[in-house]
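Structure record follows, encoded as structure tokens.
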There are 2 protein chains.
Amino acid sequence: MASSHEERRITLEDVAREANVSTASVSRVVNNKGYVSEEVRNRVMAALVRTGYVINRQARGLASGKSQVIGLVVPELETSYFGEIIRGIDEELVAVGYDLMLYTTHHRKQRESAHVATLTAGLADGLLLVLPQDPGAYLESFRRRRFPYVLIDHGGIDETGPSVGATNLQGALDGTDYLIQLGHRRIGFITGKMHMGCAVDRLAGYRQALEAAGIPYDPELVLEGDFHQPLGYQQACRLLSLSHRPTAIFASNDAMGFGVMEAVRDSGLRIGHDISILGFDNVPAASMVHPPLTTVRQPLTEMGRAATRMLLQRIAAPDTPVERIDLPTELVVRESCRMIAGP
Amino acid sequence: MASSHEERRITLEDVAREANVSTASVSRVVNNKGYVSEEVRNRVMAALVRTGYVINRQARGLASGKSQVIGLVVPELETSYFGEIIRGIDEELVAVGYDLMLYTTHHRKQRESAHVATLTAGLADGLLLVLPQDPGAYLESFRRRRFPYVLIDHGGIDETGPSVGATNLQGALDGTDYLIQLGHRRIGFITGKMHMGCAVDRLAGYRQALEAAGIPYDPELVLEGDFHQPLGYQQACRLLSLSHRPTAIFASNDAMGFGVMEAVRDSGLRIGHDISILGFDNVPAASMVHPPLTTVRQPLTEMGRAATRMLLQRIAAPDTPVERIDLPTELVVRESCRMIAGP
DNA sequence: GTTACATCTGCAAGCGCTTACAGAATGGAT
DNA sequence: ATCCATTCTGTAAGCGCTTGCAGATGTAAC
């Protein structure tokens with residue numbers, strides 16, 4: 001037995017009737033656009049309050065062609081990496097009254113494309129793509145339809161679209177350089193997933209720093225990782241078992257850095273004293289582990305903010321010239337790296 | 001100069017024309033409901049593919065009164081706590097083709113209410129509220145309008161609505177009991193924000209365990225925290241400086257537990273050996289710190305999943321009897337707690 | 001008193017879809 | 001041959017909003 005008081009939705013028409021004006025006028029008041037006399041405005045305002053009207057965004061979206069929603073496509077949410085980016089996005093969006101539609105692809109390309117399709121078909125006014133996996137599939141279509149989008153941490157995948165990233169190469173260069181300053185000459189390096197631009201850039205930074213310091217590149221010291229802790233642990237074990245083992249290990253992200261710490265500890269060596277460890281990202285946990293992990297900070301929240309501002313700008317004016325921003329990384333010195341012990 | 005090839009959206013009508021049928025038939029094929037002959041179905045399918053039609057969700061939502069969107073309101077995204085819950089939600093939602101609208105309140109009640117208002121006015125078919133701050137403001141209205149919702153980690157705030165939580169009391173009881181088994185009698189306790197139900201429950205669990213073991217409750221050992229690391233650190237310092245200091249400290253969540261670890265280390269004591277430390281939540285970082293933190297796991301992903309299933313059920317049948325589920329917590333023994341050292 | 005212009009208001013036509021409803025066609029059962 | 005049930009298809013009326021347009025009014029300039 002349904003309750004007798006099934007409340008009907010309050011529509012613009014109800015408000016119009018209540019205020020004794022047309023729906024057009026109510027709409028003008030609600031959106032604060034177009035000519036409305038002081039008198040009518042007051043009557044409508046009162047009616048709005050009295051009826052408790054709440055706009056139906058779907059209807060407005062359909063009628064106006066603008067949804068005030070932006071879509072966000074991320075590969076996952078497990079790491080705080082994404083949480084921090086989203087925080088930046090959210091901060092900007094709230095300020096302008098946009099809403100956020102969240103899609104997680106779990107690294108499956110097909111889902112990425114499917115999500116992108118519905119989103120761009122009227123659901124969202126613009127798209128933010130974090131770490132896109134398969135952008136080729138739709139970027140061309142965006143451009144053709146002039147659909148606003150911005151890539152975050154694109155990693156050089158799309159060379160022509162608007163994007164926000166970090167100075168991964170410079171960050172890795174700075175980090176490696178720091179280790180060199182501390183006297184290290186044999187520096188192990190664990191890469192990220194090499195199909196991702198940021199992983200490639202970080203490796204490049206490492207190599208450039210070595211080269212600049214005149215240290216020969218030793219392929220034995222560079223192992224491929226996947227940005228996850230377990231593989232960081234394994235690869236660190238391999239590095240530690242080298243006959244001429246490294247005195248420092250640079251992990252391409254913090255998660256793998258934690259794996260390295262574990263491996264070093266398991267092998268009976270002291271972190272910092274015997275082996276220096278450097279991470280990348282500066283996730284919150286980096287300051288919680290012991291010893292606190294020295295790392296290269298990536299300004300994730302700022303990246304989210306910058307990308308959102310860029311997107312909003314492009315929604316307002318789709319012909320804004322394409323911008324590509326790389327925000328600066330920053331070395332965060334903690335306690336996992338030390339001057340190399342005497343020879 | 002706008003490009004000359006501004007592509008127009010493909011609508012149902014375009015497909016209908018292409019397939020030489022009415023829009024009604026196309027709609028029936030697209031939604032796979034109602035009678036359609038094999039022949040028409042094939043023609044439409046072909047036209048669908050040929051035109052590259054993508055449905056406009058706004059229009060469908062407006063026409064059908066169902067948006068296939070569920071709204072998620074969370075206080076923040078900084079901690080992985082929320083990421084894990086969202087993961088569970090996402091898993092369930094993908095399976096049924098629903099989309100997720102994400103709202104972050106940043107702990108501001110007013111924003112919570114505002115978001116809730118738009119969401120329930122046609123934008124979403126149902127709402128998931130995580131750690132709601134001010135549910136009184138709208139729960140009554142939901143019930144009146146029979147709008148589907150489910151609370152996650154409600155903490156006893158809404159005693160009558162559908163909800164999913166964890167056995168916080170039992171978890172804290174188990175944790176405390178474990179410490180008692182290890183021989184600890186003076187157990188410090190740092191609470192969460194006491195206006196939150198889960199914080200209250202955890203404290204209650206602590207007290208019950210003491211009582212059951214016949215250990216008198218010492219208010220000196222119980223300090224109020226806020227679920228964040230810095231205050232965890234401070235309160236731990238206070239506990240450590242007590243004339244008769246505790247041999248174990250139970251922090252109401254892992255973040256504060258990390259603060260406690262820091263404080264213990266700073267005071268020159270050894271974690272585990274001199275002071276046992278117990279956390280709550282089992283966030284990923286708990287296994288990364290050193291020594292790995294013993295903690296009470298909260299099944300966050302499962303909670304997200306359970307809540308979503310419950311919500312979908314209520315959307316399908318709003319009169320489903322109200323369910324209230326508390327998923328079991330589980331003690332995760334690592335290395336931060338040890339048998340008490342000899343007297 | 002015209003004219004020109006800005007201000008105001010309502011009418012009504014959509015936006016792209018769903019879904020009664022009605023009518024047509026088909027196939028038994030009688 | 002008649003009837004009914006079932007399957008199929010199209011017509012058209014919305015869903016709740018925005019917005020172009022036209023008409024009405026007010027005001028300043030001539």
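Proteins come first, then strands; the chains are lettered A, B, ... in the order of their sequence lines, and each starts at number 1. Keep in mind the model is a prediction, meaning the values are calculated, not measured.
What you find for B:M303 and B:V164 is that their closest heavy atoms are O-CG1, 3.7 Å. When all heavy atoms of A:P75 and A:V130 are compared, the pair lying nearest together is CD-O, 3.4 Å. For A:R9 against A:N56, the heavy-atom pair with the smallest separation is NH2-CB, 3.9 Å. For the pair B:S67 and A:Q58, the tightest heavy-atom approach, listed with the atom from each and the gap, is CB-NE2, 3.1 Å.
Both key distances under 3.5 Å define a Watson-Crick or G-U pair, and stretches of 3 or more such consecutive pairs in DNA chain D run C:1-30 with D:1-30.
For the residue pair B:Y81 / B:D153, a side-chain donor-acceptor distance below 3.5 Å is found, with atom types taken as modelled. Counted by atom type alone, B:S37 and B:R41 present zero donor-acceptor pairs between their side chains at under 3.5 Å. Side-chain contact check for B:Y149 and B:R143: at least one donor-acceptor pair (N or O, by modelled atom type) lies under 3.5 Å. With 3.5 Å as the limit, one finds no donor-acceptor pair spanning the side chains of B:E13 and B:T23. For the residue pair B:T320 / B:Q313, a side-chain donor-acceptor distance below 3.5 Å is found, with atom types taken as modelled.
Sequence neighbours left out, the pairs with a member in residues 51-68 of chain B that pass salt bridge (Lys or Arg N to Asp or Glu O under 4.0 Å) are B:R57-B:D99.
Counting heavy atoms from C-beta outward, A:V30 and A:I55 have side chains that approach closer than 4.5 Å.
For the contact set between residues 30-38 of chain B and DNA chain D, defined by any heavy atom under 4.0 Å, the members are B:Y35, B:V36, B:S37. Within residues 42-66 of chain A, the residues that place at least one heavy atom under 4.0 Å from DNA chain D are, in residue-number order, A:Y53, A:I55, A:N56, A:A59, A:R60, A:A63, A:S64.
Following rounding to the nearest Å, A:R28 (CZ) and C:dC8 (P) show an atom-to-atom distance of 11 Å. Summarising the geometry, the separation between CZ on A:R17 and P on C:dG10 is reported as 14 Å, rounded to the nearest angstrom. Summarising the geometry, the separation between CZ on A:R41 and C1' on C:dT9 is reported as 13 Å, rounded to the nearest angstrom.
Between chain A and DNA chain D, the heavy-atom contact criterion of under 4.0 Å yields a 5' to 3' nucleotide range of D:dG16 to D:dG20.
Take the nearest nucleotide of DNA chain D for B:A24 and for A:T23: the residue whose nucleotide is more 5' is B:A24.
Salt-bridge check for B:D90 with B:R87: failed, with every basic side-chain N at 4.0 Å or more from each acidic carboxylate O.
With sequence neighbours left out, the ring pair (Phe, Tyr, Trp, His ring centres under 6.0 Å) criterion links A:Y53 to no other residue.
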